[in-house]
Amino acid sequence: MILFKYILALLLTVPMGVLGIYLFVDYFDTVRGKKQARQAAEKRKLDERKKARKEGFKIHIPDPIEQSDRNTHR
């Protein structure tokens with residue numbers, strides 16, 4: 001029964017610790033302004049994708065290579 005209590009304590013402590021660290025980092029990102037910058041970058045990427053989708057796909061076909069007079073294969 002004592003072993004069960006220790007296992008239960010670990011199963012509850014580890015996820016709470018991870019969640020606490022995530023929230024702590026998120027708070028400091030918000031305070032420093034990194035969170036707003038990241039959200040602005042994501043919005044900018046989304047707008048670029050919408051613009052590209054609206055314009056459609058463009059296929060670049062390279063110019064054909066001109067054949068030279070001499071044979072390069074030996």
Side-chain angles (χ1 to χ4, degrees):
M1 191 69 179
I2 294 174
L3 183 63
F4 176 75
K5 288 181 183 179
Y6 285 122
I7 292 173
L8 184 62
L10 282 175
L11 288 175
L12 292 175
T13 305
V14 172
M16 288 299 170
V18 171
L19 180 63
I21 291 171
Y22 172 77
L23 292 174
F24 187 73
V25 169
D26 187 54
Y27 172 74
F28 277 106
D29 282 350
T30 303
V31 170
R32 291 181 188 160
K34 289 182 180 179
K35 188 173 183 179
Q36 288 84 3
R38 185 173 53 244
Q39 288 173 346
E42 289 174 359
K43 186 176 185 303
R44 192 169 40 250
K45 282 183 185 178
L46 184 65
D47 292 341
E48 289 174 3
R49 286 182 184 169
K50 284 181 182 178
K51 182 180 174 186
R53 193 178 314 130
K54 191 182 292 184
E55 290 176 359
F57 293 103
K58 295 181 182 177
I59 300 173
H60 174 70
I61 301 173
D63 295 332
I65 299 173
E66 295 180 15
Q67 295 291 330
S68 62
D69 293 337
R70 60 188 181 127
N71 189 1
T72 56
H73 299 288
R74 296 181 185 196

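Atom set for the values below is all heavy atoms of this structure, side chains included, hydrogens, waters and symmetry mates excluded.
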Go through the steps for Tyr6 and Leu10 under the test side chain to side chain contact (heavy atoms under 4.5 Å, CB included), then give the verdict. CA-CA 6 Å; Tyr6 285 122; Leu10 282 175; 5.8 Å; no

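The closest side-chain heavy-atom distance from Gln36 to Asp29 is not below 4.5 Å.
With respect to Lys51, the side-chain contact (heavy atoms from CB on, under 4.5 Å) criterion is satisfied by exactly one of Glu55, Lys54, Arg53, Arg49: Glu55.
From Leu46, atom CG reaches atom CZ of Arg44 across 12.0 Å, with rounding to the nearest 0.5 Å. Between the NZ atom of Lys34 and the CG atom of Asp26 there is a distance of 12.5 Å, given to the nearest 0.5 Å.
Residues Met16 and Ile21 do not share a hydrophobic cluster, clusters being chains of Ile/Leu/Val/Met/Phe/Trp/Tyr side chains in contact below 4.5 Å. Clustering ILVMFWY residues whenever any of their side-chain heavy atoms sit less than 4.5 angstrom apart, transitively, puts Tyr22 in a cluster other than the one holding Val14.
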